[in-house]
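Bear in mind that the values here come from a model prediction, so they are computed numbers and not experimental data.
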2 protein chains.
Amino acid sequence: MPEPLSGDLPAYQEIADRLRARIVGGALGAGARLPSEQELRTLYGSSRETVRKALAILKAEGLVVSQHGRGVFVQRRGRVRRSAADRYVRSAWHAGISAGQADLGDRGPELRADMVRVETLEADAATAGRVDLPAGSRVVRRERRYLQGDRPLQLAVSFLPADIAGGTRAAEPDSGPGGSWARLEEAGWRFTVVREEVESRIPTFDEATLLHMSPGSPLLVVHRIATGERLGETRVLDYSAISLPAELHVLVYESAVR
Amino acid sequence: MPEPLSGDLPAYQEIADRLRARIVGGALGAGARLPSEQELRTLYGSSRETVRKALAILKAEGLVVSQHGRGVFVQRRGRVRRSAADRYVRSAWHAGISAGQADLGDRGPELRADMVRVETLEADAATAGRVDLPAGSRVVRRERRYLQGDRPLQLAVSFLPADIAGGTRAAEPDSGPGGSWARLEEAGWRFTVVREEVESRIPTFDEATLLHMSPGSPLLVVHRIATGERLGETRVLDYSAISLPAELHVLVYESAVR
DNA sequence: AAGTGGTCTAGACCACTCG
DNA sequence: GAGTGGTCTAGACCACTTT
């Protein structure tokens, strides 16, 4: 049963619109496989490149993702609200919930980390600047991926000054309950202010692979600089670069009017 | 002088990499025209579709934008830092700088608005919910575009409760020095808290056109809800949806650790 | 072996801009 | 009219997954 196109819009645009309607309308739910390119060709009477261009739009929107040799699949939809006000609550991470998860609320329990990798190295100039240290300073680098079920939710790379975190459990793969921030507070540091810098761009090949994203689908990147103090000394305690599939997140911030 | 490709990567990826290197290296500055598709074909010995696919990558990255019949042009680069802490300072907008510009600092003077459009209408359910009113409530809708030189920097659509803003200069195209927020404060309202919800997606056709973006290049969208009070009454005074080309902005927020 | 998506080619016609 | 990018076709070969 071929579906003729109206011709008011470019064919690839019309095909994308119709497929999108089937996805957001629920006819094609999360995990469902779209008709193959060959099937879409006969369905819409178009060439393969036209069909592929329609699919490219849906991929850029984050609605679908293709798997070589298997097909094109509908992605999970719906944005998770991540509120800074809920994230930086000392009592939460002292109760065993790390700062990276405290804002996830009820969804927290399903979240798990994998690919945890920790090392101590000399920071390049850009990274050292973020932690307010001279280039070449030693830092603890913590890298991990968070998944919800089998869907990757975020990548995070953190840098902590080695003179502060080195030798503590914050420099081990399992930083313990409440995460590395809880360990630093146990060592007498007190987190005071967190600055977050939000940008958006399309992912690198590696990021797209790790997050199960299409290459053209946008990413939210948060550069988080956490400052703390101990015995009158103020230091940057943590710089983290956090990468999130844009389709899955909304970041919430509150500011007082001064 | 053809430039042979190595073959380690897909041809379109290699071509994109080489063109990107010429742009970020400064050989092709902002406003410069790239070689035409025909010239790139002979330069790299590839077919037209391959060359176009390479250009599509650079478009999605926001590095270039194409103009039908004219060519492909390098976009202005560099992100503007927009800090919430600088934006919501009462003294700034009472000094004549509106909340939408107070964080732009020295760059403010060059900024100008165009396509200003103001109307009063009944809010749909979603918009009414944002301003904490029942569906169908009357609201003042302010729409405008901000440009820096000839480059559009942002789109903004604001909704203010008509029972508050109606009849004041906040409901006129030129809301006066300091913008509509200054007018509401003159009417006795005092802004207290601003919540911002940040998301990212690819633009609609209209958004891409108004912002001079490529269709696949990501957009940052800020939903801003400003709350205020007067005589003990607390109200949402302004809901704005602000659209920014991602390539041009980084949003900065600070949070206290509690 | 069959089916899927990924890459690439050669060619066509169209819409837009500029001299 | 010449040059540019936008759309579309038909066909080919490859890499990957599944049966």
What string of B, S and - do you get for nucleotides 3-9 of chain D, 5' to 3', if B is base contact, S is sugar-phosphate-only contact and - is no contact with any protein heavy atom under 4.0 Å? BBBBBBB
Return the set of residues passing salt bridge (Lys or Arg N to Asp or Glu O under 4.0 Å) with B:R224 (not counting sequence neighbours), or none when no residue passes.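 With sequence neighbours excluded, B:R224 shows a salt bridge (Lys or Arg N to Asp or Glu O under 4.0 Å) to B:D238, given in chain and number order.
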Mind checking what makes salt bridge (Lys or Arg N to Asp or Glu O under 4.0 Å) contact with B:E207, not counting sequence neighbours?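 In terms of salt bridge (Lys or Arg N to Asp or Glu O under 4.0 Å), with neighbours along the sequence ignored, B:E207 is linked to B:R201.
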Has the side chain of B:R145 got a donor or acceptor atom that lies under 3.5 Å from a matching backbone atom of B:L210?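 Between the backbone of B:L210 and the side chain of B:R145 there is a qualifying donor-acceptor contact (under 3.5 Å).
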side-chain contact (heavy atoms from CB on, under 4.5 Å) assessment of A:R151 paired with A:H212: CA-CA 8 Å; A:R151 175 79 158 99; A:H212 297 183; 4.2 Å; yes
Please examine the side chains of A:V80 and A:L244, heavy atoms only from C-beta on, and report whether any two atoms are closer than 4.5 Å.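 Sidechains of A:V80 and A:L244: no contact.
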